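Keep in mind the model is a prediction, meaning the values are calculated, not measured. Residue numbering restarts at 1 for every chain, and letters A, B, ... go by the order of the sequence lines.
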Amino acid sequence: MQEKYHPGEIEQAAQRHWESTGAFRAIEDSTKPKYYCLSMFPYPSGKLHMGHVRNYTIGDVLARWHKMRGYNVLQPMGWDAFGLPAENAAIQNKVPPAKWTWDNIAYMKQQLQSLGFGLDWGRELATCQPEYYKWNQWLFLRMLEKGIAYKKTQVVNWDPVDQTVLANEQVIDGRGWRTGALVEKREIPGYYLAITQYADELLAALDTLPGWPERVKTMQANWIGKSHGVRFAFPYELDGKREKLWVYTTRADTLMGVTFVAVAAEHPLATRAAQGNDKLAAFIDECKHGSVMEADMATMEKKGLPTGIFVAHPLTGEQVEVWVGNYVLMGYGEGAVMAVPAHDERDFAFARKYGLPIKQVIDLTGKEYSLDGWQEWYADKQSGVCIHSGKYDGLAYAAATDAIAADLKAKDLGDKQVQYRLRDWGISRQRYWGCPIPLIHCDGDAVSPGCGTVPVPDEQLPVVLPEDCVPDGSGNPLLKRPDFLNCTCPKCGKPAKRETDTMDTFVDSSWYYARYCSAGNNVAMVDARAKYWLPADQYIGGIEHAILHLLYSRFWTKVMRDVGLLDQDEPFANLLTQGMVLNHIFSRRTDKGGIEYFAPEEVALVRNESGHITGATSIADGGAVDYGGIGTMSKSKRNGVDPQSLIEQYGADTARFFMMFAAPPEQTLEWSDAGVEGAYRFLKRVWAFGHANRDSIVAKSTLPEKLPEALASVRREIHATLKQGNHDLGKLQFNTVASAAMKMLNALEKAPEDAGRAAVVAEGFSILLRLLSPITPHVCHALWLELGLGKNEGDDIYKAPWPEPIEAALVQDEIDLVLQVNGKHRGNVRVRADADKTSIEAAALTHEMAQKFMEGKPPKKIVVVPGRLVNIVV
RNA sequence: GCCGGGGUGGUGAAAUUGGUAGACACAAGGGACUUAAAAUCCCUCGGCUUUACGGCUGUACGGGUUCGAUUCCCGUCCCCGGCACCA
């Protein structure tokens, strides 16, 4: 045994051992409980960053812990390999996205392997492989058949200079990131998946997921946004035709307060009104330059223009003017909203700005309505009642809504309706590096009209993406590839064109967890093995995926179930949402108005008097750089920290231990490497202790009947700490598991030379190594073998049983209780561990400190918390 | 703007979920060992106050409930994540 801790040698040897013995190969086995431990697969951006280390260490700790507790564990890994960064890299370096992606995968895989994760690499997949994305295409066709997939128009960001569609991320303050051109909204056709057909089930099934964090379920429920309201119409006559303008509201009780109606710029009424109205036409045009992002819509200045068209109030017949509002979304609901300025904050501001009438129709006793400013209670639907509303006066929210809905129904102008905030999932992307949508456009020729859009027949799948394209930022390169583009129509056999849009990469990540279970199957998307492993017993990933990825995966699972592929309703039984690892962000505007990011090591910080960072300068060119605060480590913001140097300098175990020790998993973590030294020092001490006590431990002496008190106390500390550590593992709070291991070592190092020391040390160190092994598997593996702690010679530590505290070791005759007088800590009282309430009260009252602070007053009340404290109230 | 989460020493954090605030560490300061350095070991370490025992105060800020609040309730400020084409 080496005297010094050499992580490099230990780790390589352990990894070779696990590899050669197939320690983490998972085989379906119905005799054991299964544990499918799944971490979100990474996007192969180039290098791992600390967020990955955190994510995958959490997964590995759980996987190894369960393995030691007798579970049949599956922990797979793969690559979310399609996506925008590969195209950006291609633009920059002229390397095909495929090559860039595979090079990154090779490097990152080697990084993952050097961290010693217990992964079953035999199930590895990459979503850019035709054998994977074939099944995206296959299920898309099934959805098309079932009416879940359909075509409609979508609104995209259009860069008029590059003639290309931009991702939201590529739009900086309304301009294209590379060209600086003002981005336009453009409507183009695209394919949608009708996730709204599953809205009710996706919402209701949240109750079947007790293993999910409440906050994630709340976010998903709010995102789905089921609302009970009324859909109704404002009748009007225009160009000699009787028409209806439909709107939806959850505040039908305020219908009598409607003073105008607002429609989206793209609404047919707006288009009609713009004819012969240049000012309105110009405004509608201006709206088209706005952002498509909800956050921008919500924060931008609300603007509008009257159309001159009037509609009739459905109940009073009063004329109400139609306005065009830049804040009304065409793609959501009816593209029109009723405006009740008195009781809606946004309408209130809008009405004040344009001098529109405000009519109070809800009253709250004791409150006075004033037009001076918005007050929260104006929008309160809990406690107000209708006023100035004719026959509805005096009715509260529910009754007023019922009555008004009934009256609208009687007039055939509306009814109650349940609506969702959730929108259907648009999956078309006008990009190259993604899964081709398996459709063919048969446009016909001079003689025949053609077959239209035709699905690619199953036997022709996959539609393979050519891998040698190099995007240059100006549109989809597939459009310039006749070999991909030209094909024959499967229906009529005439020349036709392939669809060049690819799928949203969220499609790829919506079912990869099922594919791991069916690795290697080239005749089916998933097979019976998926029914064995699913749902994943633990899913671990960043909180940023709380809504979209997790909702899409839940949806996709339900579709796979309905197609007969799976039995499960839900993909993930338990979810751990990891807190983001944050780092400083530095950026600078480019000449063209785009944005350029700087890595933290590329800038020199500028701080103010109080030490806060206010800016930075580029080390390369000395120019000023803007400080963007702290944010998630990401490739695009260039603020990721590569764990490589940490691993090289201290080893994987130190990196893993440090990451787990730094904070509890769900908490956001601002990156700092302060403390890495401490983690390393601890592992060195563990090794040194094993080395120094080798003979005592190897001797395997038995515990004497009665230990001297000092050793009994060491043993008590070990078992008490183990109890806490096991409890914390159950809570997935790994930082205190790490500190439990540290406490154990502190206790063991204090074990005095006395009869029974060797046995106490051997037992204690065996517990310490097993508790620590999921976090730092390499050093524990090596020490376990060196010290012969296995049941049989050469048994690996992961085959050892998980340690449980021995109650007998925890027994104490006397305990200290906290003594309080009027809730203030005044000392401690020592009592027998089994003391009853009366004797505790007696001991407390006679205590010197109690006497002193009671100042002779009689006790009014004595609170005794068993095993904890006694509080005397005077 | 809306939805969700967070704010505790110089720093990362802990507190068995209403019961000793600061466990376990990092940094810093002091000391031991060493020719020296590294490594290692020991001591101190929220603030104010006291010669000392001790006392007062303190968990973003302002209120409240309670014998007792970091924990529960109301309000305010700041930070992070998401907002449907980053993944």
Side-chain angles (χ1 to χ4, degrees), chain A residues 4 40 42-43 45 80 83-85 88 154 156-157 165-171 213-216 218-223 225 292-300 331 345-346 422-431 504-506 509 542-549 551-552 577 579-580 582 629-632 634-637 661-664 666-670 672 674-679 681-682 684-685 688 723-724 727-728 731 733 735-736 738-743 746 816-828 860-863 865 868-874:
Chain A
K4 290 254 165 59
M40 287 181 188
Y43 178 79
S45 56
D80 188 12
L84 204 53
N88 295 341
Q154 53 178 349
V156 296
N157 303 304
V165 175
L166 299 178
N168 285 337
E169 188 187 55
Q170 297 171 317
V171 179
E214 280 309 318
R215 58 170 166 159
V216 174
T218 306
M219 280 190 262
Q220 292 215 348
N222 290 341
W223 183 262
V292 300
M293 284 179 263
E294 193 197 290
D296 293 335
M297 298 293 284
T299 49
M300 73 184 176
E345 189 168 4
R346 189 176 61 186
L422 181 68
R423 309 201 290 260
D424 278 343
W425 175 13
I427 59 157
S428 292
R429 297 291 179 271
Q430 296 67 45
R431 283 185 230 302
D504 179 5
T505 56
F506 273 127
S509 56
I543 183 68
E544 78 274 25
H545 294 296
I547 297 175
L548 293 181
H549 162 61
L551 194 66
Y552 291 148
T577 44
M580 301 283 82
L582 310 178
I630 52 172
T632 313
S634 76
K635 170 93 182 167
S636 61
K637 290 183 182 135
F661 184 63
E666 301 216 291
Q667 192 165 308
T668 301
L669 180 64
E670 199 176 321
S672 157
V676 172
E677 283 285 346
R681 201 175 296 154
F682 168 67
K684 279 195 286 190
R685 275 171 59 208
K723 196 172 180 178
Q724 177 233 311
H727 178 260
D728 293 347
K731 285 198 300 179
Q733 188 175 292
N735 55 328
T736 49
S739 62
M742 290 176 140
K743 281 183 187 176
N746 290 347
D816 284 324
L817 295 183
V818 168
L819 173 65
Q820 292 184 340
V821 179
N822 285 341
K824 288 201 173 187
H825 183 208
R826 296 300 183 188
N828 295 303
K860 202 158 46 174
K861 183 174 167 187
I862 301 178
V863 182
V865 182
R868 287 219 161 267
L869 66 66
V870 48
N871 183 16
I872 302 169
V873 186
V874 297

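- Rounded to a whole angstrom, the distance from the C1' atom of B:rG55 to that of B:rU11 is 29 Å.
- Looking at A:Asn735, its side chain never comes within 3.5 Å of a backbone N or O of A:Ala662 through a donor-acceptor pair.
- If you take CE of A:Met300 and C1' of B:rC2, they are 14 Å apart, rounded to a whole angstrom.
- Nucleotide B:rG30 is shown with an anti base, its glycosidic torsion being more than 90° from 0.
- Going from the C1' atom of B:rG10 to that of B:rG22 covers 14 Å, rounded to whole Å.
- Shown here for A:Met40 and A:Gly542, the closest heavy-atom pair between the two residues is SD-N, 3.8 Å.
- A straight line from CD of A:Gln733 to C1' of B:rC24 spans 12 Å, rounded to a whole angstrom.
- Residue A:Lys4 contributes atom NZ, which lies 15 Å from atom P of B:rA38 at whole-angstrom precision.
- One interatomic measurement links the two molecules: CD of A:Gln724 to P of B:rA14, which rounds to 12 Å at whole-angstrom precision.
- Between A:Arg826 and B:rU20 there is no side-chain polar atom (N or O) within less than 4.0 angstrom of OP1 or OP2.
- B:rG12 and B:rC80 have their P atoms separated by 15 Å, with the value rounded to a whole Å.
- Nucleic acid contact for A:Phe661: base, since at least one base atom lies under 4.0 Å from a heavy atom of the residue.
- Here the OH-NZ distance, from A:Tyr43 to A:Lys635, works out to 8.5 Å after rounding to the nearest 0.5 Å.
- Going from atom CZ of A:Phe506 over to atom CG of A:Asp80 covers 9.0 Å, rounded to the nearest 0.5 Å.
- A donor-acceptor pair under 3.5 Å is absent between the side-chain atoms of A:Lys860 and the main chain of A:Val874, judged by distance alone.
- One can place CG of A:Asp504 at 12 Å from P of B:rA84, the figure rounded to the nearest angstrom.
- Side chain of A:Gln724 to main chain of A:Ala740: no donor-acceptor pair is present (N/O by atom type, distance under 3.5 Å, no hydrogens or angles).
- Taking 4.0 angstrom as the limit, A:Lys743 places none of its side-chain polar atoms (N or O) nearer than this to OP1 or OP2 of B:rA23.
- Counting heavy atoms from C-beta on, the side chains of A:Leu817 and A:Asn828 never come closer than 4.5 Å.
- Judged by distance alone, with hydrogens and angles left aside, the side-chain atoms of A:Gln170 form a donor-acceptor pair with the main-chain N or O of A:Ala167 at under 3.5 Å.
- Nucleotides of RNA chain B nearest to A:Ala740 and A:Ser428 differ in position, and the one nearer the 5' end is that of A:Ala740.
- Contact check, A:Thr505 against B:rA87: a side-chain N or O comes under 4.0 Å of OP1 or OP2.
- Residue contacts for A:Lys860: at a heavy-atom cut-off of 4.0 Å it reaches no nucleic acid atom on any strand shown.
- For the 3.5 Å distance criterion, the side chains of A:Arg685 and A:Asn746 qualify, holding a donor opposite an acceptor.
- Atom CE of A:Met293 is separated from atom CE of A:Met300 by 12.0 Å, given to the nearest 0.5 angstrom.
- The same atom, C1', is picked in B:rA87 and in B:rG6; the two are 23 Å apart, to the nearest Å.
- With values rounded to the nearest 0.5 angstrom, A:Ile630 atom CD1 is found 3.5 Å from A:Glu670 atom CD.
- Minimum atom distance to the side chain of A:Lys731 is reached by B:rA15, of the listed B:rA15, B:rG12, B:rG19.
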Report task. Begin with the C-alpha distance, continue with both residues' side-chain angles, and end with the deciding distance and a verdict on side-chain contact (heavy atoms from CB on, under 4.5 Å) for A:Met219 and A:Asn222. Result -> CA-CA 5 Å; A:Met219 280 190 262; A:Asn222 290 341; 5.9 Å; no
Under-3.5 Å N/O pairs linking protein and nucleotides 78-83 of chain B:
unit_1	atom_1	unit_2	atom_2	d
B:rC80	OP1	A:Ile630	O	3.3
B:rG81	OP1	A:Thr632	N	3.1
B:rG81	OP1	A:Thr632	OG1	3.2
B:rC83	O2'	A:Glu294	OE1	3.0
B:rC83	O2	A:Glu294	OE2	3.4

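- Residue-to-nucleotide contacts include no donor-acceptor pair under 3.5 Å from the side chain of A:Gln667 to the base of B:rG5.
- With rounding to whole Å, A:Met742 atom CE is found 12 Å from B:rA23 atom C1'.
- Put simply, the side chain of A:Asn871 and the base of B:rC67 share a donor and an acceptor less than 3.5 Å apart.
- A:Asp816 comes within 4.0 angstrom of nothing in the nucleic acid, heavy atoms only.
- Looking at the side chain of A:Phe506, the nearest of the listed nucleotides B:rA87, B:rA23, B:rC86 is B:rA87.
- Between the P atom of B:rG55 and the CG atom of A:Asn822 lies a distance of 14 Å, rounded to the nearest Å.
- Nucleotides B:rA60 and B:rU8 have their C1' atoms positioned 10 Å apart, rounded to a whole Å.
- If you take atom P in B:rA38 and the same atom in B:rU51, they sit 39 Å apart, rounded to whole Å.
- Looking at A:Gln820 and A:Ile872, their side chains never come closer than 4.5 Å, going by heavy atoms from C-beta outward.
- B:rG58 and B:rU71 have their P atoms separated by 13 Å, given to the nearest Å.
- Because its glycosidic torsion is more than 90° from 0, B:rU66 is reported here as anti.
- The side chain of A:Lys824 places no N or O atom within less than 4.0 Å of a non-bridging phosphate oxygen (OP1 or OP2) of B:rA21.
- Within 4.0 Å (heavy atoms only), A:Thr299 reaches at least one base atom of the nucleic acid.
- A sub-4.0 Å separation between OP1 or OP2 of B:rC24 and a side-chain N or O of A:Asn735 is absent.
- Side-chain contact annotation: A:Ser428 with A:Gln154, donor-acceptor N/O pair under 3.5 Å absent.
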Query raised in the report: Under a 3.5 Å cutoff on both atom distances, Watson-Crick or G-U, what's the dot-bracket for RNA chain B ([ ] crossing, | other strand)?
Result: (((((((..(((......[....))).(((((.......))))).((((....))))..(((((..]....))))))))))))....
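- Nucleic acid contact for A:Glu345: none, since no nucleic acid atom lies under 4.0 Å from a heavy atom of the residue.
- Within 4.0 Å (heavy atoms only), A:Val216 reaches no atom of the nucleic acid at all.
- Summarising the geometry, the separation between NE2 on A:His825 and P on B:rG54 is reported as 11 Å, rounded to the nearest angstrom.
- In this structure, A:Pro664 reaches the sugar-phosphate backbone alone: every heavy-atom distance under 4.0 Å involves primed, P, OP1 or OP2 atoms, never a base.
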Requested in this report: Using a 4.0 Å heavy-atom cut-off, write out nucleotides 26-34 of chain B from 5' to 3' as B (base contacted by protein), S (sugar-phosphate only) or - (no contact).
Outcome: SS-------
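- In this structure, A:Ile543 CD1 and A:Thr577 OG1 are separated by 4.0 Å, a value rounded to the nearest 0.5 Å.
- Distance check on atom C1': B:rU66 versus B:rG18 gives 9 Å, rounded to whole Å.
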